[in-house]
Colleague: 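Can you keep this structure in mind? I'll have questions shortly.
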Amino acid sequence: MTPEKMYDEFTKGIWKENPVFVQVLGMCPTLAVTNSAVNAVAMGAATAFVLIGSCFLVSALRKYIPKQVRITTYIVIIATFVTIADMVLEALVPAVHKELGAFIALIVVNCIILGRQEAFAGRNPPLPAVLDAAGMSVGFFIALMCLGSTREILGSGSIFGVPLFGPSYEPWVIMVLPPGGFLVLGGILLLFNWVKQRKLARRAGASA
Amino acid sequence: MMAGDPRLLLQSAPFLRRGITTPRLMTEVIIGMGPVILAAVYFFGISAIFVMLATTAGAAGAEWLLGPARPRGRTLKDGSAILTGIVLALCLPPGFPLWMAFLGGAAGICLGKLAFGGLGQNMFNPALVGRAFLQAAFPGAITTWSAQGDIGGFFTVRASNFAAPFMQATPDAVATATPLGLMKFEHQTTPLTDLLLGNTAGSLGETCAIVILLCGVVMAVRRAFDWRIPAAILLSVTVFSTVVWAFNTEKFPAPWAMLTSGGLLFGAVYMATDPVTSPVTPRGAWAFGAGIGVIVVLIRLWGGLPEGVMYAILLMNAATPLIERVTQPRPFGRGAIEHE
């Protein structure tokens, strides 16, 4: 495997095939736990751990997993990693773990993770599988951070709990409530597609 | 229409036309709103003008920036964004910070109109979407009602209007409660003459019942909107609240107080009648209005909020496509033979 190919496998998840902004997968954690930057970091890190670990294991075992029961097997492997992440978070940062609540356990059914096993790790050797998983994790992490920091700045006037604008800041309560997640995600998707369209238009203009 | 005088005009239906266009209809409504705007300025002073300017600037700015380009601002000419801004301002409190008002106007146009594809495509009344956004974002500021007589004179500005962007308003004005708030939380009734003449605290455009009623009648006669919708709203509120009141005259407010307080009349005349978001069929208009009336009474009497006109109209906006499908008139000559 050439270095360029490895580089491609890693970077595609960050921009070209970003799991949130392009594939629009994993909407449940994206909308539900991004009301503060800390929650976004914790969720991004937990998902990255589960994604990379399970992609490695699935890829290493891909020749031994019978095709008929592969989904079940993937889920068992993913659930193992989720349990580890759940316990580690509870031991290290109990406050954040409490805040995230059931959404840690729900990483099991995150479409991004099962999608990567089915689309990539189940049919590629471990090294590209891990690179692909790492790229997707970084893309997901960036997306969560965009939402989490925007919502925290507007909704609480702070970032990572540090107040930015002093005590007289008027918080936009809607931003830390569920509708805020939809509004910010919609805004970011709009921006993302606008940038992409401009890029395409410029490329078309250059080639013409 | 072609220039000159065609001898024989060949065209398809409709043959009957009213010479009315979108800009004319919008102008008609803005003129019909004139007395209400004047009443708002009379009761709340120059603050009312500032709030109206801020919301209109937000709405028109969003329409200009994010609306159809080439040429930019083309859709501003139909006046609908300006109307949205004015209507939104009239349902905000007088001391509302201007930066929030600006944001509300922009949010109403972006989320309520442009996200659906512009004028005629929107599902919800844009002004109410803007207000719902403000209600969810700044629940404190939007329920701080400064009294009418708390400022020195006409040109004295409420300080909370000029809160710096993203900052809280300084709580200088003595906040009072609206008639509905008094009714719900403190069990006081406001005299009917005050409610009719507009001598109460409340949103800019909603206090003076008589002016709104007169404007509504004039606009209905001029056919600026479908008279069935406000008629149905007022009728269903009257019936429902009379029935409830008859059960317990101590606990529940009287029907005349229900009709004249809060944003009910303003909403019935200027917001529920938005032709884009209300049913076109006559039977549908009745059903739409009746639904709004029932929801308003339900929220006011048993909900957590003192006022429910905004949510009532938005909910029935959502039901409009369904109402239109159910109440579609039978095409002429159809259905008679099938029964044989």
Side-chain angles (χ1 to χ4, degrees), chain A residues 21 24 27 30-37 146-202 204-205, chain B residues 54 58 62 65-70 92-93 95-104 106-117 124 128-144 159-172 305 310-311 314 318:
Chain A
F21 296 146
V24 201
M27 283 300 105
T30 306
L31 293 167
V33 299
T34 53
N35 51 5
S36 74
C146 285
L147 262 91
S149 45
T150 312
R151 289 177 68 185
E152 191 179 346
I153 290 173
L154 288 176
S156 328
S158 61
I159 185 92
F160 291 106
V162 182
L164 293 177
F165 307 104
S168 66
Y169 179 77
E170 172 84 39
W172 303 22
V173 181
I174 191 172
M175 285 303 169
V176 292
L177 298 177
F182 286 96
L183 291 180
V184 175
L185 182 66
I188 292 179
L189 285 180
L190 200 71
L191 198 73
F192 208 84
N193 282 327
W194 182 66
V195 169
K196 223 162 52 177
Q197 268 185 3
R198 267 174 61 116
K199 232 168 150 181
L200 281 177
R202 201 173 308 143
Chain B
L65 188 69
L66 298 170
R70 277 186 287 271
L92 291 175
F96 200 61
L98 295 184
W99 69 270
M100 294 181 193
F102 182 87
L103 194 73
I109 290 290
C110 293
L111 304 176
K113 198 165 95 177
L114 295 178
F116 290 91
F124 299 100
L128 282 175
V129 171
R131 195 184 188 284
F133 176 85
L134 291 174
Q135 171 96 54
F138 312 112
I142 208 165
T143 46
T144 306
S160 54
N161 280 139
F162 287 95
F166 298 101
M167 293 299 149
Q168 282 168 359
T170 38
D172 64 338
L305 296 164
M310 171 177 76
Y311 293 121
L314 286 174

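These numbers come from the heavy atoms of this one structure, side chains and all, not from hydrogens, waters or symmetry mates. All of these numbers come straight from a predicted model, not from anything done at the bench. Below, chains carry the letters A, B, ... as their sequence lines are ordered, and counting in each starts from 1.
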Colleague: Please classify the contact between B:Leu134 and chain A as side chain, backbone, both or neither, with a heavy-atom cut-off of under 4.5 Å.
Modeller: neither
Colleague: Could you tell me whether the side chain of B:Tyr311 and the main chain of B:Ala132 form a donor-acceptor pair under 3.5 Å?
Modeller: no
Colleague: In terms of heavy-atom pairs under 4.5 Å with chain B, which of A:Pro167, A:Ser168, A:Gly180 leads?
Modeller: A:Ser168
Colleague: Heavy atoms, side chains only, cut-off 4.5 Å: are A:Arg151 and A:Trp172 in contact?
Modeller: no
Colleague: How are the rings of A:Phe192 and A:Phe21 set to each other: parallel, tilted or perpendicular (split at 30° and 60°)?
Modeller: tilted
Colleague: Heavy-atom distances under 4.5 Å only: say whether A:Leu183 touches chain B with side chain, backbone, both or neither.
Modeller: side chain
Colleague: Is the side chain of A:Glu152 donor-acceptor paired with the backbone N or O of A:Gly157 at a distance under 3.5 Å, no angle test?
Modeller: no
